[in-house]
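Below: the structure, in structure tokens.
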Number of protein chains: 2
Amino acid sequence: MATETLTRQAVTPELDLDGLDSILGIHVGTLNTLLLSRLERHLESFKVTPKQVAILWLVNANPGVKQSDLSRFFKIERPTVHQFVRQLTMNGHLVSEPSKLDRRAGGLWITETGTATLTAAREIIFTDEAELLSPLTPAEREELYRLTIKVYLSVPNRT
Amino acid sequence: MATETLTRQAVTPELDLDGLDSILGIHVGTLNTLLLSRLERHLESFKVTPKQVAILWLVNANPGVKQSDLSRFFKIERPTVHQFVRQLTMNGHLVSEPSKLDRRAGGLWITETGTATLTAAREIIFTDEAELLSPLTPAEREELYRLTIKVYLSVPNRT
DNA sequence: TATTGTTATACTCTATAACTATA
DNA sequence: TATAGTTATAGAGTATAACAATA
């Protein structure tokens, strides 16, 4: 039995892809949508979105973190971060306390409700990951992480 | 000089990531956003979005293709496909002709305007790809494609 | 009954512009 | 001048629900 490479062409043989499948963005986008839509569905009962959990995760590990730090880490603009912070604040998952040292900044702290939600959400995320990555060998997983990160860390910002 | 693995931790050393960077979705999402936002900016003058170009690409290569075929290929719902078709139709990039054989279905055809836009957009996409993937060796590029596709083609639909 | 296309609506994530307050 | 946060608005991509027409 020959080892066959599974291609997207093989899934929709009636379509001439004309090289569209040579574009990396197509595959990254498809994978991203699949990962996100699954996770959204699994997190539905906890009333949190994937990005909200990611924010909560870092606030939990970094009590008093600033929104601008989160903005830098996630590579998203400050107003975008603020939107998630506002949602999480309204849901009682975190609180914002103005810093005494720099009164412009406000430190973020997770609440008890937030901790409970984060704990449950983490379980779901780990289960999802294990299931989704099960077709890959450990070496392949490592390589997928490494290559993905290598590309976006090498990309010049806003060119 | 030792070969160092570039990590996300190294970019924001002040943050305790607490394992968040072990989640694949974080990296795929970041890469996806970076690829998309760049491409959106570069396509801005042509008044088309990345997804519109992808649709146009397949309509061009498959004259008379049905919306439901595109839905299957892109793994998105029919109303989502229809939205892009409507945008492209309004912009004069494609036309929809009802099929004579199956009057439920409508075949899609690209227009002259659509062809011109697609040709220009393809140039931009190829240039983008080459630039973005330049940090990777040819073998690494192949592996990134292969692994990305392998994951999402193995994922059970809607679980 | 199943498929194709459509309409209406809503959600997630992201951005820009413009503002206030503070450093 | 620069930074932190905020508000308002918009755009890209996706989904579900419900429907008509056709097979």
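First the proteins, then the strands, lettered A, B, ... as listed; each starts at 1. From a predicted model like this one, the values you see are computed outputs, not experimental measurements.
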Do the side-chain N or O atoms of [X] get closer than 4.0 angstrom to the phosphate oxygens (OP1, OP2) of [N]?
X	N	result
Ser68(A)	dG5(D)	yes
Arg104(A)	dG5(D)	no
His82(B)	dG5(C)	no
Ser99(A)	dA4(D)	no
Lys51(B)	dT14(D)	yes
Lys66(B)	dT4(C)	yes
Gln67(B)	dT6(C)	yes

Heavy atoms only, 4.0 Å cut-off, all strands: where does [X] land among base, sugar-phosphate and nothing?
X	answer
Pro79(A)	base
Thr80(B)	base
Thr33(B)	sugar-phosphate
Leu70(B)	nothing
Arg78(B)	base

Are Leu24(B) and Tyr145(A) close enough that some pair of their side-chain heavy atoms sits under 4.5 Å apart?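 Yes, at least one pair of side-chain atoms sits under 4.5 Å.
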Below 30° counts as parallel, above 60° as perpendicular, anything between as tilted: where do the rings of Phe126(B) and Trp57(B) land?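 Perpendicular.
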Closer to the 5' end of DNA chain C via nearest nucleotide, is it Asp102(A) or Phe74(A)?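 Looking at the nearest nucleotide for each, Phe74(A) comes out on the 5' side.
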